[in-house]
Every structure is written in C-alpha cells, then in structure tokens.
2 protein chains.
Amino acid sequence: MLERQPRRNTAQKRMILRSIEQLGCHPTAVQIYTAVREVLPRTSLSTVYRNLGILVDQGKIKAVKGAGSEIHYDHNTGAHNHIECTVCGRVCDVHVNPVNIDTLNPETVSNYVVLEVRINILGICPECAEQLEKEKLQ
Amino acid sequence: MLERQPRRNTAQKRMILRSIEQLGCHPTAVQIYTAVREVLPRTSLSTVYRNLGILVDQGKIKAVKGAGSEIHYDHNTGAHNHIECTVCGRVCDVHVNPVNIDTLNPETVSNYVVLEVRINILGICPECAEQLEKEKLQ
DNA sequence: TTCATAATAAGAACTATTCCTATTATAGAA
DNA sequence: TTCTATAATAGGAATAGTTCTTATTATGAA
C-alpha cells in the first residue's frame, strides 16, 4: 500500500498502462501482453504481471474478477460497477445506482466493517446475442 | 445442464453435500475435502471436485467466487447476496435488498440481455475486527 | 559519462482445478 | 443373495493463470 521505492519510468510500464486505457473493456493480462508486444516484441509476461501489480498498488488501475478464472484490469479507479458477457467473457463498466455503504444497517451486514459494495451484472452482450440468434436460425 | 446419466448414491457424494451444509459460510474445495476425510479418510481431492461439479450442474449447490483465488460452495441456491471478510477470506450470506433485473433500463446496461445481478460486499468480520483491535493495542 | 541498482526476459515454481486410468463398489438383473 | 455391467473412485499427471528466481539490461542521479 505505501510507496517508498524509487520507480523507474520504463517503456514497458508506459505501454502496459496505455494498453489498458486503449483496449477498453477491461483486458486480461494476456490481452495486455499481446498488445504491448506489438510495439515492444521482447516484453515478457512476467513483466506485464509485475507492472500490473505495481499499478494496482499505486492505485492507478483496479483488478476486477469476473466469472472466469482470469483477472481483468480497469483504468477507471472510481467507484462503479461491471457487466460481464457470459458468452465471450468481456467485462465492461456499467452505470447502475451504486449502493451507499452508509445506508447499510450493521445487523443486516452481520456487523461487518463494510469496505466496499460491488455490483456485478452477468448477461449476454449485443454482439454475442446477435451471433446466438444467427446460429439458432441455421 | 440437462441430466441424463444414472447417478449412483455414493458415501462420498453424500458426505460432500452434508459437509457443505454443516461447515456453513461457503467452504472451499479443500475445506470440504478436509471435513469429508475425517469420516472417509481415503477420499481424494479429485472426487471432491468432480462431485462439486455434479452438484452444481444438478442445481443442488452454487459456486461462489470471492476476492481470493479459490471457489466457495454454497448450499443456499436461492437468490441472495454475499459478504466476504478481506482478512480471513470467509464468504457468508447477507441480506441486502436484491436488484430487480426488470427495473434495469436496457440503455444503462448497454443493451445486454441481463441474466443475473450479483451484489458482493467486502468488509471485515467481527472476529477479525476484534483481533486487529487487539494487535493495535500491543 | 559513469555507476548503483531498479527493472527486465526467460523460464521455473506454485496454486487451484481438471483430466486420465486402473481399480473399486453400486444397483439392477438373475 | 449373487452376479455383472459400468459409474464412481483414488491417485496422480496435466493444465491454466499467476508469482517467483536469477542473470542481464538499462534508467536516472551524480
């Protein structure tokens, strides 16, 4: 959490952050790795993972877990919610009314100290819904 | 999803389901494995995983993903929400008002076909909060 | 320009889960 | 009850995603 080490500004770190911003819809480590390697072809997957960890620690990106086993990375660090396509697995931002933590009754939340309320919507994205419709007609 | 094969009623399968019910707070596969082995000491982890998959397919239990990397298993198959302790990792049921899918505006959910809305609360359970308080005083 | 060391590439190690296969034991038939 | 086909098992190998290790490279302060 606390930041003390000097951090060098490397080409890989810059490209990793830029890729997350440009890819949109919360890419996975491998998707970021693939994008970064188009510009810096010798970049290793471990460098991607290490920098993703640093960027999360610095609060510059957020790690998002979906229904699948991969971690997705999000450059929007504000409070917001996610929608995930159960067919293609993509994770995107979605704007439903957030739950205000202060309105939660301590007893209904089992006397926990509430830190965060996450709303995750599962559904089928328009592209996958269209594709499924086509397949059904055949 | 659809069930056609005959299913044998084995001691392992019965103990796995009973362990999930008795352990409470959504145990992981290894926690279930440990509990089952106290009664059936030769049970293997692959048997636990295979039966968990069958029980999920049959709709008898639900798989729940938390902030950690392990999958948790829940014998409450109705619609409800979860609260997770960020210190000890335990996942439990919690009763906050569920979001009614029909009230979601198609545009706000990016024109997805919405299947499910999951609310996950992250916090610190009373036991861990107390422990942290003790450590602070030392 | 030099130099200490942060960051890197490459791949080994790790963790949770799934898959494979010879063996065991369930449940329907005799 | 005994027999038998095969579903389910134990044990361990394989896999996927992530983290760790180490020799090498390159950043940035002096």
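Note that the coordinates shown come from a computational prediction; the quantities given were computed from them, not determined experimentally. Sequence lines set the chain letters: A, B, ... in the order given, protein chains first and strands last, and positions in each chain run from 1.
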Side chain A:Gln31, main chain A:Thr28, donor-acceptor under 3.5 Å: yes

[X] [atom1] - [N] [atom2] separation (whole Å):
{"X": "B:Tyr33", "N": "D:dG12", "atom1": "OH", "atom2": "P", "answer": "10 Å"}
{"X": "A:Leu45", "N": "D:dA16", "atom1": "CG", "atom2": "C1'", "answer": "11 Å"}
{"X": "B:Asp57", "N": "C:dT18", "atom1": "CG", "atom2": "P", "answer": "11 Å"}
{"X": "A:His72", "N": "D:dT18", "atom1": "NE2", "atom2": "C1'", "answer": "14 Å"}
{"X": "B:Lys13", "N": "C:dT24", "atom1": "NZ", "atom2": "P", "answer": "21 Å"}
{"X": "B:Tyr73", "N": "C:dA16", "atom1": "OH", "atom2": "P", "answer": "12 Å"}
{"X": "B:Ile32", "N": "C:dA16", "atom1": "CD1", "atom2": "P", "answer": "14 Å"}

Crowding at CD, B:Glu127 (>12 non-hydrogen neighbours, <6.0 Å): yes

B:Asn97 atom CG: more than 12 heavy-atom contacts under 6.0 Å: no

Exercise: do A:Arg50 and A:Thr47 side chains pair donor with acceptor under 3.5 Å: yes

Within less than 4.0 Å of OP1 or OP2 of [N], is there a side-chain N or O belonging to [X]?
{"X": "A:Thr47", "N": "C:dA9", "answer": "yes"}
{"X": "B:Tyr49", "N": "C:dT18", "answer": "no"}
{"X": "B:Gln12", "N": "C:dA25", "answer": "no"}

Cysteine SG atoms at B:Cys88 and B:Cys128 closer than 2.5 Å: no

Base D:dG11 to side chain B:Ser46, donor-acceptor N/O within 3.5 Å cut-off: yes

Given D:dG17, C:dA16, D:dA8, the nucleotide with the shortest approach to the side chain of A:Ser69: D:dG17

Among D:dA10, C:dT17, D:dT18, the one nearest B:Arg42 by side-chain distance: D:dA10

B/S/- contact track for nucleotides 25-30 of chain D, protein heavy atom under 4.0 Å: -BBS--

Pairwise 5' ranking along DNA chain C for A:Leu40 and B:Ile71, keeping only the more 5' one: A:Leu40

Audit row: B:Cys85, B:Cys125, disulfide bond (SG atoms under 2.5 Å apart) steps and yes/no: CA-CA 5 Å; B:Cys85 178; B:Cys125 73; 3.7 Å; no

Could you tabulate the donor-acceptor pairs under 3.5 Å formed by side-chain atoms of residues 61-70 of chain A, not counting sequence neighbours?
| unit_1 | atom_1 | unit_2 | atom_2 | d |
| --- | --- | --- | --- | --- |
| A:Lys65 | NZ | B:Ala67 | O | 3.0 |
| A:Lys65 | NZ | B:Gly68 | O | 3.0 |

